[in-house]
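Numbered from 1 within each chain, the chains take letters A, B, ... in sequence-line order. All values below were derived from every heavy atom in this structure, side-chain atoms included, with hydrogens, water molecules and symmetry-related copies excluded.
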There are 2 protein chains.
Amino acid sequence: MTLSEEDYIKAIYHLSEFNSTSVATNAIAEQMQTKPSSVTDMVKKLSEKSLVNYKKYQGVSLSEKGRLVALSIIRKHRLWEVFLVDKLNFSWDEVHVVAEQLEHIKSDTLIDKLDAHLGYPKVDPHGDPIPNKDGVFTKSIKKLISELPVGSQGVCVGVNDSSAAFLKFLDKNKIALGDTFKILEIEEFDGSVTISTRSGSIRISKQIATNLYLDIVDEE
Amino acid sequence: MTLSEEDYIKAIYHLSEFNSTSVATNAIAEQMQTKPSSVTDMVKKLSEKSLVNYKKYQGVSLSEKGRLVALSIIRKHRLWEVFLVDKLNFSWDEVHVVAEQLEHIKSDTLIDKLDAHLGYPKVDPHGDPIPNKDGVFTKSIKKLISELPVGSQGVCVGVNDSSAAFLKFLDKNKIALGDTFKILEIEEFDGSVTISTRSGSIRISKQIATNLYLDIVDEE
DNA sequence: AATTAATTTTAGACAAAGCTAAAAAATTGT
DNA sequence: ACAATTTTTTAGCTTTGTCTAAAATTAATT
Ligand SMILES: [Mn+2]
Ligand SMILES: [Mn+2]
Ligand SMILES: [Mn+2]
Ligand SMILES: [Mn+2]
């Protein structure tokens, strides 16, 4: 598989991730920052290799083989993102471009060892789940902290209130996007929540809890 | 710079590393596992970009600009090799193929942070020196332990005697290629040498000391 | 010095991945 | 239902890096 083929496969995967119908040529072209005619050429090639199902003018969808290829690239992409953030102190928003390159390195041993080195993470720094070697992964759901039961765990991926004041508050309390939190206790009385963070556990008010989104990965 | 251009530049660097004359087309072709005609084409392109000095039929040499490009790729290659061995537990001899890919990842930040993460190593797992950002490096020399004064430090890169018995002995004493050793003391009486290893210090007989090569990097 | 041999370059072709412009098919609006 | 619009495909061209076969140049041998 060439680098370009891999990026197309990944693009098709992401475009059909939710609306699982077939993907339009123009949509792929936009995603890949290229022209529709180039997409048609590539789609034909991928169809030859039976990585996609394709009929002229009918759009395209991944074959099972193609889906597994996509997931293996996504696995690599997300593992590298974890590496960049956890080990090299990259910040949350810098990692994507670099991972876009690293995901194409060809070595199964490398990815196995990287996975082990990182402690077999289940999610990447953006809260997206990391498929295992066989392409199996647990879909994550985005929820407000206030909606979660005790014991839930997830990666902080977004805010409702993006005012400067709120972001400042987060900073002061060492809460950052990409951090993993666990719900330790919920105070019935005022709806405040105790969560564990990297730097110990803290209690946050209901107001905060209704403004922070976590990406939840169901524990097996 | 494309991946292919980078590999050619590196090949030319290595071919002129010691005999610093100009490099023959056929030599490059052999190194790059390609045909001489392809080399001519590429050399013309590199010459256009003034990365090499080239006159028809006269061979090729790196320009100063080309030399710096070569060293920056070599820096990346060797840093990744250190990463693979030190952090991912690859063995000495598995890393080259993977580093051959990783060296082409484009991100200055990545290499800076990787360098820091690894503790600014001076040599790679094969004892070869790692150039700094400006392409400066201290050339290493391969010497027998028995030829070194107290205080010397280097990476174990080879053996004289490769008998099974000797290799078994090394294994038992936790001496492996790629390990860094320091000469602590030399016993005049019998020529035995005390060296520090990862797992403490050990004394080795003169016989062993005349069979183990270290790659020495002069300390600044 | 002349011939032979080896090396290097050129000419022409090919596969990958992209582009533009034009044609074909599908969709939409009336 | 049919014209207009949008989407998709085709045809033909470009660039990068490779190849083979032939020509040009340099090196080696007699
Ligand atoms: Mn990519
Ligand atoms: Mn991500
Ligand atoms: Mn390489
Ligand atoms: Mn090396």
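C/dA16 atom P lies 17 Å from atom CG of B/Leu3, rounded to whole Å. When rounded to the nearest whole Å, the span between CD of A/Glu5 and C1' of C/dG18 equals 14 Å. Rounded to whole Å, atom C1' of C/dT8 lies 12 Å from atom CG of B/Asp41. In this structure, CE of A/Met42 is placed 12 Å from C1' of C/dA15, rounded to the nearest angstrom. Rounded to whole Å, the distance from CD on A/Gln58 to P on C/dT27 is 7 Å. The distance between atom CG of B/Leu46 and atom C1' of D/dT16, rounded to the nearest whole Å, is 13 Å. Rounded to whole Å, atom C1' of C/dA16 lies 11 Å from atom OH of A/Tyr8. If you measure from atom OH of A/Tyr54 to atom C1' of D/dT9, you get 7 Å, rounded to the nearest angstrom.
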Check your understanding: Given the rule in the ring-ring contact (aromatic ring centres under 6.0 Å, His included) test, do A/Phe83 and B/Phe83 qualify, once you have shown the distances and angles that lead to the verdict?
Key -> CA-CA 12 Å; A/Phe83 168 72; B/Phe83 168 72; 5.0 Å; yes
Practice item. Evaluate the criterion side-chain contact (heavy atoms from CB on, under 4.5 Å) for residue pair A/Ser63 and A/Tyr54; output intermediate values, then yes/no. Key: CA-CA 10 Å; A/Ser63 68; A/Tyr54 169 63; over 6 Å; no
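Counted by atom type alone, A/Asp7 and A/His104 present one or more donor-acceptor pairs between their side chains at under 3.5 Å. Side chains of B/His96 and B/His126: a donor-acceptor N/O pair is absent below 3.5 angstrom, by distance only.
Contact annotation for A/Ser38: base contact, defined as any heavy-atom pair under 4.0 Å involving a base atom.
Listed nucleotides C/dA16, D/dT9, C/dG18 differ in distance to A/Thr2; the shortest reach to its side chain belongs to C/dA16. Of all nucleotides listed (C/dG18, D/dC19, C/dC19), D/dC19 comes nearest to the side chain of B/Thr34.
Here A/Thr25 reaches the OP1 or OP2 of D/dT9: one of its side-chain N or O atoms lies under 4.0 Å away. Phosphate proximity of D/dT8 to A/Asn26: present, with a side-chain N or O under 4.0 Å from OP1 or OP2. The side chain of B/Lys56 places no N or O atom within less than 4.0 Å of a non-bridging phosphate oxygen (OP1 or OP2) of D/dA24. Residue A/Thr40 places none of its side-chain N or O atoms closer than 4.0 Å to OP1 or OP2 of D/dT10. Note on A/Tyr57: every side-chain N or O is 4.0 Å or more away from OP1 and OP2 of C/dA23.
Side-chain atoms of A/Ser37 and base atoms of C/dT20 include a donor and an acceptor less than 3.5 Å apart.
Two residues are said to be in side-chain contact when any heavy atoms from C-beta on lie closer than 4.5 Å; B/Lys76 and B/Leu110 fail this criterion.
Between B/Lys44 and A/Gln33, the residue anchored closer to the 5' end of DNA chain C is B/Lys44, taking for each the nucleotide with the nearest heavy atom.
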